[in-house]
Amino acid sequence: VPEELKDRPDNYFGNDRGRIYRIVPADANSARFERETAPVETGGAERLVELLTHPNAWQRETAARLIYEGQDRSLQQPLATLATRGPTPESSSALGSADPAVQVQALRLAEIHWKDDSASPPLPDSLAIGDPRVRFQLALSLGELRRSESVDLLSQLGLNGADDRWTRVAVASSTGDTPAETLYRVADKAASPAAAGTRGADELVRLLAEIVGSRKKEREIEQAVGVVVLLGNRTAPAAAGDVRRLQFAGLNGLGEGIA
């Protein structure tokens, strides 16, 4: 018995009052806590699709489980319709949803298709890449896209979120066989006047250079050294201090990776 309860006059006080199962605000929407009077399983498969938009999470999750377990292919069209024209944020066109959490889930699902060379990645115009959750997931998902067009987007994501450690790690982990090229794109963008003062850019350059060094491939290391040297020869560089920090970060990363 907890110390604060030992001095109570009656340890069984309140036993006749039942239990508190849920506390909600007085003005809460009661529909969120209501359950259907009929079991979820009744009403047929189409009823399960309807329940995916129910305000109560238990209803939605149970319906989703039963749909998955049933594997009823007749539900493909109703589910497709719900996914594009449903009434909730979760059931909008996923990548074009206004909800960043929905976009994150859509990106995770898109990875399966990106592994197919014939599948083109979605353009990021509809993605909330300013949201750190979306940016992080997109950087991870691009690692599944082993094509050159992903490098520029990956480098831009890295620079946009350079002040976020997790974005830097996600970008670095997705470079695959193109760490030297990604390093060049990031360093080139970071050294431009438009990116002057970008926080974390030097740390991202260091991390990418370290990956290049750790691979111990002579050609990639030469490319990385060339990137560092060329940073100071730009016709319109960012502030001199920024460029020097980028150069030092690049050389430091290479050294750590090779060691």
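These numbers come from a predicted model, not from an experiment.
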Taking side-chain contact (heavy atoms from CB on, under 4.5 Å) as the test, write out the residues that go with [X], two or more places apart.
X: Arg108; value: Val104, Gln105, Gln137
X: Leu75; value: Ala45, Val49, Ile67, Asp72, Leu79
X: Leu157; value: Ile129, Arg135, Leu138, Ala139, Leu142, Leu153
X: Gln156; value: Asn160, Lys189

So which heavy atom on [X] is nearest to which on [Y], and how close?
X: Val227; Y: Ala187; value: CG1-CB, 3.7 Å
X: Lys216; Y: Gly257; value: NZ-O, 3.4 Å
X: Val212; Y: Ala224; value: CG1-CB, 4.0 Å
X: Arg133; Y: Pro100; value: NH2-CB, 3.4 Å
X: Ser173; Y: Leu140; value: OG-CD2, 3.7 Å
X: Gly250; Y: Ala209; value: O-CB, 3.3 Å

Do the side chain of [X] and the main chain of [Y] share a donor and acceptor less than 3.5 angstrom apart?
X: Arg245; Y: Asp202; result: no
X: Ser174; Y: Val171; result: no
X: Gln247; Y: Val228; result: yes
X: Gln77; Y: Ser74; result: no
X: Thr62; Y: Gln59; result: no
X: Arg60; Y: Pro55; result: yes

Next on the checklist: Assess whether a salt bridge exists between Arg65 and Glu61, defined as any Lys/Arg side-chain N lying under 4.0 Å from an Asp/Glu carboxylate O.
Outcome noted: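 Salt bridge flag = no for Glu61 with Arg65.
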
Checklist entry - Is it true that Asp177 and Arg215 have a side-chain N and a carboxylate O under 4.0 angstrom from each other? => result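 Judged by the 4.0 Å cut-off on N to carboxylate O distance, Asp177 and Arg215 do form a salt bridge.
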
Report whether [X] and [Y] are members of the same hydrophobic cluster (ILVMFWY, side-chain heavy atoms less than 4.5 Å apart, transitive linking).
X: Leu159; Y: Val243; value: no
X: Leu52; Y: Leu66; value: yes
X: Leu183; Y: Leu154; value: yes

Item to check | More than 12 heavy atoms of other groups within 6.0 Å of Glu69 CD | outcome: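 Yes, CD of Glu69 has more than 12 neighbouring heavy atoms, counting only those of other groups under 6.0 Å.
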
Next on the checklist: Tell me whether Phe136 at atom CZ has more than 12 heavy atoms from other residues, nucleotides or ligands lying less than 6.0 Å away.
Outcome noted: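 Enclosed: over 12 neighbouring heavy atoms sit under 6.0 Å from CZ of Phe136.
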
Checklist entry - When you look at Ser214 and Ile258, which way does the side-chain contact (heavy atoms from CB on, under 4.5 Å) test go after all the steps? => result CA-CA 5 Å; Ser214 66; Ile258 294 173; over 6 Å; no

Can you measure from [atom1] ([X]) to [atom2] ([Y]) and round to the nearest 0.5 angstrom?
X: Asp152; Y: Thr182; atom1: CG; atom2: OG1; result: 10.0 Å
X: Leu48; Y: Glu46; atom1: CG; atom2: CD; result: 10.0 Å
X: Asp188; Y: Leu231; atom1: CG; atom2: CG; result: 8.0 Å

Checklist entry - Which salt bridge (Lys or Arg N to Asp or Glu O under 4.0 Å) pairs, counting each pair once, include a residue from residues 203-212, with sequence neighbours left out? => result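 Found Glu203-Arg206, Arg206-Glu210, Arg206-Glu256.
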
Next on the checklist: Which residues pass the side-chain hydrogen bond (donor to acceptor under 3.5 Å, both in side chains) test with Arg165, not counting sequence neighbours?
Outcome noted: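 Result, side-chain hydrogen bond (donor to acceptor under 3.5 Å, both in side chains) vs Arg165: none returned.
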
